Amino acid sequence: MSTRDKLLRLDKQLQKLEERLEPFITKQARSFYKAAQRIFKDGFCPKLALKILAQVHETAVAIQKQEEEAISGNSPRKAPASRGTNPV
């Protein structure tokens with residue numbers, strides 16, 4: 001099998017995995033949306049929920065990047081201690 005064939009095969013597998021992941025992401029987003037509605041009640045605004053979600057995602061990405069840098073040795077800082085919860 002040529003390198004090109006291997007890459008095409010991997011690309012197809014990745015597409016299949018992304019397609020399988022999409023329903024889970026949608027379910028998580030709906031769950032977050034409903035939770036935000038319950039928390040904010042009359043003050044709920046979809047833009048606010050999206051802003052909160054974007055901030056949580058940004059923070060999670062930054063933490064993950066720090067941890068990866070600490071593991072790879074590219075950063076003198078140590079990885080932050082695990083909080084025991086998923087930030088997203």
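All figures in this text were calculated on a predicted structure; none of them were measured in a lab.
Of the possible polar contacts, none joining the S31 side chain to the K27 backbone as a donor-acceptor pair under 3.5 Å is found.
For the atom pair CZ of F32 and CD of Q37, the computed distance is 11.0 Å after rounding to the nearest 0.5 Å. With values rounded to the nearest 0.5 angstrom, L50 atom CG is found 13.0 Å from H57 atom NE2. The line from CG of L14 to NZ of K16 is 12.0 Å long, rounded to the nearest 0.5 Å.
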Handout entry: Full working for side-chain contact (heavy atoms from CB on, under 4.5 Å) between E69 and K65
Key = CA-CA 6 Å; E69 288 175 349; K65 184 177 179 182; 3.3 Å; yes

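Annotation for Y33 and P46: closest pair OH-CG, 3.6 Å, computed over non-hydrogen atoms.
Identified under the side chain to side chain donor-acceptor pair (under 3.5 Å) test for residues 1-13, with sequence neighbours left out: S2-D5.
Between Q64 and E68, the closest side-chain pair of non-hydrogen atoms falls below 4.5 Å.
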